[in-house]
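Everything below concerns the one structure shown next.
A note on names: the letters A, B, ... follow the listed sequences, proteins ahead of strands, and every chain is numbered from 1.
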2 protein chains.
Amino acid sequence: MARKPLTNPRKSASQERSRATVDALVEATARILVRDGFDKASTNRIAAEAGVSIGSLYQYYPCKEALVAAVIDRHNQDIMQVVRGAFAEVAVESVESAARKLIAVAIEAHRIDPKLHRVLAEQIPRTGRLKDVEAFNREAHTLFKGYLESHRNELRVADPGLAAFVCVTSIEALAHTAVLRNSEKLSSEAAEALIDEATRLVVGYLK
Amino acid sequence: MARKPLTNPRKSASQERSRATVDALVEATARILVRDGFDKASTNRIAAEAGVSIGSLYQYYPCKEALVAAVIDRHNQDIMQVVRGAFAEVAVESVESAARKLIAVAIEAHRIDPKLHRVLAEQIPRTGRLKDVEAFNREAHTLFKGYLESHRNELRVADPGLAAFVCVTSIEALAHTAVLRNSEKLSSEAAEALIDEATRLVVGYLK
DNA sequence: ACATAATGCGAGCGATAGCTCACAATTGTC
DNA sequence: GACAATTGTGAGCTATCGCTCGCATTATGT
């Protein structure tokens, strides 16, 4: 006996049919963001692109930001899965090979969906979802700090927190800038050269 | 004998009076961007804030983006003036002191008007003025490359262009992130510690 | 088969955006 | 003081936005 049968989005979809609707909406949002940009991603347009009525959209997402946030979350999950895997793989390796692998993975992660990544990076501030991305950054930061602490004997690092900030920020910026500047792709030779340089940068700094 | 007396913005203001109007518009835009954010910066609001009618606004700026672009240009000029000065000052200094000064200046430059810088950094993609900012980056890049080439004997740098990319990108990201993350300011001790670390990072990489 | 809940629909509302245009006021020139 | 150029004005147009709501359709349970 629902008191407010239609107000407030229903949030959860129980049947199979509605899950498809939700997926279609998120995918349509991502597609429009990539193809037309954030400003063109109106709720009416998203609903049309998803082949769903505007009314249905508002049953599952309370506002436009919520839709973009869903896209952001999905993209972040995709990236963090790769990053977490890399840190696990690298935990007991030497600084050189660990740094090299992590840098390679950072570049790889930025290439998962570069056009979407670019739009999201540009538009995240407007969605109020900065907090989520900061949480993501904090996790990368924490993972890196963990590595530094467990390899402290091989390194000369006074403050692992600060060192992790310096390394993560630099690696992220290099990967981000390189991928976005070079028209959404890097030639494999250029990528190799960049990995070499970035590895020298952080290894030289850490020991 | 103007054929189109009122169509197409007049672009140039000849009298004293109209220069004041143009300045008031740019300053009002910056003020609103900082105080209320990009989305609230409607043309009607900017005109009101400037104490100017909406009609006058459209005599000098063809659209909202042009106004924001004017703010961006002004801010970039402010920053580049500091940066150019630093490179001139540092041209004949050792790598250590050069790197240290440039890093300090990068942080300083980000502190010129952090709130405006943040808004602009977030909203530049929407203004179509990415090209201008890329030109700005390219200049920093070129200046750094020039330093590396003229100090090649003291360094071990195979590709000055690539090395400049690595250094400029890292320094910019560290300064940017540090200034924006720490609620628009850095304690002077924290800034010193960051300068020390960043200096070690780039000096260790360059030689 | 029927009742009930879950899901889907889309015309249209109010708000606000960017922007135009016919006109008023000010300034420069003689 | 007269006349034209320059500059300033703001009501209001059109377009689009986010979003609502009453109702239609589909699925579930019995």
Side-chain angles (χ1 to χ4, degrees), chain A residues 1-29 32-33 36-71 123 126-128, chain B residues 1-26 28-29 32-33 36-70 123 126-128:
Chain A
M1 209 188 278
R3 239 58 140 306
K4 309 169 163 187
L6 282 180
T7 56
N8 290 0
R10 297 172 191 168
K11 295 247 173 195
S12 59
S14 59
Q15 298 181 7
E16 201 50 43
R17 188 163 57 123
S18 57
R19 302 196 80 92
T21 301
V22 171
D23 282 357
L25 284 169
V26 176
E27 266 154 42
T29 305
I32 292 182
L33 285 176
D36 308 313
F38 185 93
D39 289 326
K40 299 292 178 59
S42 70
T43 50
N44 284 318
R45 209 185 223 271
I46 290 170
E49 172 84 20
V52 155
S53 89
I54 181 68
S56 295
L57 185 153
Y58 279 97
Q59 287 184 334
Y60 300 105
Y61 293 96
C63 61
K64 178 187 172 178
E65 281 72 29
L67 269 163
V68 179
V71 175
Q123 307 300 347
R126 297 165 71 181
T127 62
Chain B
M1 210 187 279
R3 238 57 136 311
K4 311 171 165 186
L6 281 180
T7 56
N8 290 0
R10 298 174 192 167
K11 294 249 173 193
S12 59
S14 60
Q15 298 181 9
E16 201 50 47
R17 189 163 56 125
S18 57
R19 301 197 82 92
T21 301
V22 172
D23 281 358
L25 285 168
V26 176
T29 305
I32 292 182
L33 284 176
D36 308 312
F38 186 93
D39 289 326
K40 300 292 179 62
S42 70
T43 50
N44 284 316
R45 210 186 223 269
I46 290 171
E49 173 83 20
V52 155
S53 89
I54 181 66
S56 295
L57 184 153
Y58 279 98
Q59 286 183 335
Y60 300 105
Y61 293 96
C63 62
K64 179 185 172 179
E65 281 72 31
L67 270 162
V68 180
Q123 306 300 346
R126 296 164 72 179
T127 64

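dG12(D) atom C1' lies 11 Å from atom CG of Asn44(B), rounded to whole Å. Between the CG atom of Asp23(A) and the C1' atom of dT7(C) there is a distance of 15 Å, given to the nearest Å. Look at CD1 on Ile54(B): it is 14 Å from P on dG8(D), rounded to the nearest Å. Straight-line distance from the NZ atom of Lys40(A) to the P atom of dT16(D): 10 Å, rounded to whole Å. Regarding Leu57(A), its CG atom lies at a distance of 10 Å from the C1' atom of dG18(D), rounded to whole Å. The CG-P distance, from Asp39(A) to dT16(D), rounds to 14 Å in whole Å. Distance CG (Leu25(A)) to P (dT7(C)): 14 Å, rounded to an integer number of Å. Rounded to whole Å, atom P of dG8(D) lies 12 Å from atom CZ of Arg19(B).
Close to dG18(C), at under 4.0 Å from its OP1 or OP2, lies a side-chain N or O of Thr43(B). Neither OP1 nor OP2 of dG8(C) sits under 4.0 Å from any side-chain N or O of Ser53(A). Remark: Ser18(B) is in phosphate contact with dT7(D), judged by side-chain N or O atoms under 4.0 Å from OP1 or OP2. For Tyr60(A) and dG8(C), the shortest distance from a side-chain N or O to OP1 or OP2 is below 4.0 Å.
For Ile32(B) against Lys40(B), the heavy-atom pair with the smallest separation is CG2-O, 4.2 Å. For the pair Ala28(A) and Ile46(A), the tightest heavy-atom approach, listed with the atom from each and the gap, is CB-O, 3.8 Å.
The shortest side-chain heavy-atom distance between Arg45(B) and Asp36(B) falls under the 4.5 Å cut-off. Considering only heavy atoms from C-beta on, Thr21(A) stays 4.5 Å or farther from Gln59(A) through its side chain.
Each of Gly55(A) and Val52(B) was assigned the nucleotide of DNA chain D with the nearest heavy atom; the assignment lying further toward the 5' end belongs to Val52(B). Comparing Arg45(B) and Arg17(B), the nucleotide of DNA chain C nearest to each residue sits closer to the 5' end for Arg45(B).
Of the candidate nucleotides dG18(C), dG10(D), dT9(D), dG18(C) has the atom lying nearest to any side-chain atom of Tyr58(B). For Gln59(B), taking side-chain heavy atoms from C-beta onward, the closest of the listed nucleotides dG18(D), dG8(D), dG8(C) is dG8(D). Considering only side-chain atoms of Cys63(B), the nucleotide from dT9(D), dG8(C), dC19(C) that sits closest is dC19(C).
Taking OG1 of Thr29(A) as the start and CG of Leu57(A) as the end, the distance is 7.0 Å to the nearest 0.5 Å.
In this structure, Ser42(A) reaches the sugar-phosphate backbone alone: every heavy-atom distance under 4.0 Å involves primed, P, OP1 or OP2 atoms, never a base.
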